[in-house]
Student: 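Input: one structure, supplied below.
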Amino acid sequence: MPTAIGISKPIRSALIPGGPVGEFRVPGRLNPACTLLSVLDVTDGAPPTAINRTAEFSITAGKAGTIQNTTTVTTGRYLHVTWSLPE
């Protein structure tokens with residue numbers, strides 16, 4: 001698959017609903033071999049605002065399509081998740 005000029009690995013992203021501390025399903029080809037690049041906690045508004053919560057999340061070991069949050073409740077907001085594929 002072609003990648004953006006200057007980036008050697010494919011990048012994917014998804015916007016998912018926030019929720020309580022725990023696991024979140026992420027659509028796409030996210031798997032434990034991927035690298036989590038960012039998780040932004042997006043609050044609706046005029047304009048929407050985003051808080052970088054990447055350090056609070058990890059890709060769930062041994063489980064494709066899942067990230068894990070052990071710190072912050074994000075209920076009522078959205079998570080913009082970005083990752084790179086290992087290929």
Side-chain angles (χ1 to χ4, degrees):
M1 165 174 236
T3 62
I5 294 172
I7 299 177
S8 63
K9 299 194 185 232
I11 305 291
R12 299 289 182 265
S13 67
L15 186 65
I16 61 172
V21 169
E23 288 186 350
F24 293 84
R25 294 289 303 155
V26 180
R29 294 174 47 198
L30 178 73
N31 66 67
C34 293
T35 300
L36 189 62
L37 299 176
S38 67
V39 179
L40 298 178
D41 178 354
V42 181
T43 302
D44 190 20
T49 58
I51 298 170
N52 187 338
R53 298 216 185 271
T54 307
E56 300 175 26
F57 283 83
S58 60
I59 297 173
T60 307
K63 195 170 186 182
T66 307
I67 58 173
Q68 177 79 34
N69 170 9
T70 58
T71 309
T72 302
V73 174
T74 57
T75 303
R77 300 188 301 269
Y78 290 89
L79 301 173
H80 184 251
V81 183
T82 306
W83 66 95
S84 66
L85 298 173
E87 46 190 51

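The figures that follow rest on heavy atoms only: side chains count, while hydrogens, waters and symmetry mates do not. FYI, the numbering just counts along the sequence from 1. Since the structure is predicted, the reported quantities are computational estimates derived from the model, not experimental observations.
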Student: Within a strict 4.5 Å, meaning less than it, do heavy atoms of the V81 and F24 side chains meet?
Tutor: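 A side-chain contact under 4.5 Å is absent here.
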
Student: If the condition is side-chain hydrogen bond (donor to acceptor under 3.5 Å, both in side chains), which residues does T66 pass it with, not counting sequence neighbours?
Tutor: R25

Student: Considering residues at least two apart in sequence or located in another chain, which fulfil the side-chain hydrogen bond (donor to acceptor under 3.5 Å, both in side chains) criterion with Q68?
Tutor: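 Result, side-chain hydrogen bond (donor to acceptor under 3.5 Å, both in side chains) vs Q68: none returned.
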
Student: Tell me whether I59 is reachable from V26 by hopping between hydrophobic residues (I, L, V, M, F, W, Y) whose side-chain heavy atoms are closer than 4.5 Å.
Tutor: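 Yes, V26 and I59 fall within the same hydrophobic cluster.
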
Student: Could you list the residues that satisfy side-chain hydrogen bond (donor to acceptor under 3.5 Å, both in side chains) with N69, not counting sequence neighbours?
Tutor: none

Student: Can you tell me how far CG of L79 sits from OG of S38, rounded to the nearest 0.5 angstrom?
Tutor: 10.5 Å

Student: Can you name the closest pair of heavy atoms from L37 and I11 and give their distance?
Tutor: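 Closest approach of L37 to I11, heavy atoms only: CD1-CD1, 3.6 Å.
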
Student: Is it true that Y78 and F57 fall in one hydrophobic cluster, defined by side-chain heavy atoms closer than 4.5 Å?
Tutor: no

Student: For the residue pair L36 and I67, what are the closest heavy atoms and their distance?
Tutor: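 Shortest heavy-atom contact: CD1-CG2, 4.4 Å.
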
Student: Identify the two heavy atoms, one from A33 and one from P86, that lie closest to each other, and give their separation to 0.1 Å.
Tutor: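 Taking A33 first and P86 second, the nearest heavy atoms are O-CB, 3.6 Å.
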
Student: In chain order, what residues pass the salt bridge (charged side-chain N to carboxylate O under 4.0 Å, His left out) check against R53, with sequence neighbours excluded?
Tutor: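 Once residues adjacent in sequence are excluded, the partners of R53 under the salt bridge (charged side-chain N to carboxylate O under 4.0 Å, His left out) criterion are D41, E56.
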
Student: Considering residues at least two apart in sequence or located in another chain, which fulfil the side-chain hydrogen bond (donor to acceptor under 3.5 Å, both in side chains) criterion with S58?
Tutor: none

Student: Do you reckon L40 sits in the same ILVMFWY cluster as I16, going by side-chain contacts under 4.5 Å, direct or chained?
Tutor: no

Student: Can you check whether S84 reaches C34 side chain to side chain, under 4.5 Å on heavy atoms?
Tutor: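 No, too far: nothing below the 4.5 Å cut-off.
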
Student: Pairs under 3.5 angstrom only: tabulate donor-acceptor contacts from the side chains of residues 45-52 to other protein residues two or more places apart or in another chain.
Tutor:
unit_1 : atom_1 : unit_2 : atom_2 : d
N52    : OD1    : T54    : N      : 2.9
N52    : OD1    : T54    : OG1    : 2.6

Student: Do the non-hydrogen side-chain atoms of L85 and K9 ever get within less than 4.5 Å of each other?
Tutor: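 Contact flag for L85/K9 side chains = no.
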
Student: On a heavy-atom basis, which atom in T82 and which in H80 lie closest, and how many Å separate them?
Tutor: OG1-CE1, 3.5 Å

